[in-house]
Asker: 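Next up is a structure, given as C-alpha cells.
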Amino acid sequence: MNYWLVKSEPFKYSWDHFVAEGKSMWDGVRNYQARNNMMAMKAGDLVLFYHSNEGKEVVGLAKVAKEHYPDPTTDDPRWVVVNLVPVEKFPKTVTLAYMKSDERLKDMALIKQSRLSVIPLKAEEFDLIVALAHE
DNA sequence: GCCAACGTTGGC
DNA sequence: GCCAACGTTGGC
C-alpha cells in the first residue's frame with residue numbers, strides 16, 4: 001500500500017465536484033515526475049485530495065480505483081491517467097500553513113516541491129494528516 | 001497581481 | 001549537450 005496526494009484547483013475541479021460525479025479520471029497531468037508517480041499507483045492506494053490556490057488545504061480522502069492507462073484526452077502516448085473514487089470528506093481540513101508549521105511534515109514533497117501535482121507520501125505523513133483531519 | 005521556482009523548448 | 005528564453009504553477 002502506498003500513499004499519495006493529488007492537487008486540484010477547486011475552480012477547475014473541486015472535491016465537491018469529485019463527490020458529485022462519484023469517480024474521476026485524473027487527466028491533464030503533463031509533468032514527467034507527476035506522471036511517474038501516477039504510474040506507480042496501485043489499485044486501492046489511498047490518496048489525499050488537496051485544493052491548491054483557493055483553500056490550500058487537504059479536504060478529503062480518495063482511493064485508486066483503476067491503475068494507469070493511456071490518457072484518452074491526448075494522442076501523445078507519453079501521458080497516462082488513473083481513476084480515483086472518493087472515500088471520505090474530512091470533518092476538518094488540514095491547511096498548508098499547518099503542514100508547513102509541523103516539524104513532522106516539513107519534509108513533505110508538497111512543501112519542498114510546490115509545483116508537483118501528484119506527490120508520494122510516507123505512511124507516517126499520511127497517517128498524521130488523516131489523524132489531524134479527524135481531531 | 002506579483003514573483004519565485006522550475007520545467008520545457010529551441011538555437012547554437 | 002548547454003543554456004537562455006519562455007511558459008506555467010502556485011503561494012503570498
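Throughout, a chain's letter reflects where its sequence line sits, starting with A, and its residues are numbered from 1. None of the values given here were measured: they were computed from a predicted structure.
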Asker: So which pairs with a foot in residues 68-89 of chain A pass ring-ring contact (aromatic ring centres under 6.0 Å, His included), sequence neighbours left out?
Answerer: A:Y32-A:W79
Asker: Report the end-to-end axis angle of the helix from B:dG1-C:dC12 to B:dC12-C:dG1; each axis comes from five terminal pairs, and the value is rounded to 10°.
Answerer: 10°
Asker: Scan residues 50-61 of chain A for pairs that pass side chain to side chain donor-acceptor pair (under 3.5 Å), counting only residues two or more places apart or in two chains.
Answerer: A:E9-A:N53, A:E57-A:T93
Asker: Kindly write out the residues that satisfy side chain to side chain contact (heavy atoms under 4.5 Å, CB included) with A:E103, not counting sequence neighbours, or none if the list is empty.
Answerer: A:K106
Asker: Supply the members, apart from A:M38, of the Ile/Leu/Val/Met/Phe/Trp/Tyr cluster built from side-chain contacts under 4.5 Å; use none for a lone residue.
Answerer: A:W4, A:V6, A:Y13, A:W15, A:F18, A:V19, A:W26, A:V29, A:M39, A:M41, A:V47, A:F49, A:V59, A:V64, A:V80, A:V82, A:L84, A:V118
Asker: Is atom CG of A:D75 surrounded by more than 12 heavy atoms (other residues, nucleotides or ligands) closer than 6.0 Å?
Answerer: no
Asker: What residues from residues 27-36 of chain A pass a heavy-atom cutoff of under 4.0 Å to DNA chain C?
Answerer: none
Asker: Listing request: all ring-ring contact (aromatic ring centres under 6.0 Å, His included) pairs with a residue in residues 92-114 of chain A, at least two apart in sequence or in separate chains.
Answerer: none
Asker: List for me each residue that meets side chain to side chain contact (heavy atoms under 4.5 Å, CB included) alongside A:K23, sequence neighbours excluded, and say none if there are none.
Answerer: A:V85
Asker: Test of understanding: with side chain to side chain contact (heavy atoms under 4.5 Å, CB included), list the residues that count as partners of A:D127, not counting sequence neighbours.
Answerer: none
Asker: Applying side chain to side chain donor-acceptor pair (under 3.5 Å) as the test, list every pair that has at least one member in residues 108-126 of chain A; sequence neighbours left out.
Answerer: A:Q33-A:Q113
Asker: Taking only residues at least two apart or on different chains, which pairs with a member in residues 109-135 of chain A satisfy ring-ring contact (aromatic ring centres under 6.0 Å, His included)?
Answerer: A:Y3-A:F126, A:F90-A:H134
Asker: Indicate for each nucleotide in nucleotides 4-12 of chain C, in 5' to 3' sequence, whether protein heavy atoms under 4.0 Å reach the base (B), only the sugar-phosphate (S), or nothing (-).
Answerer: ---BBBBBB
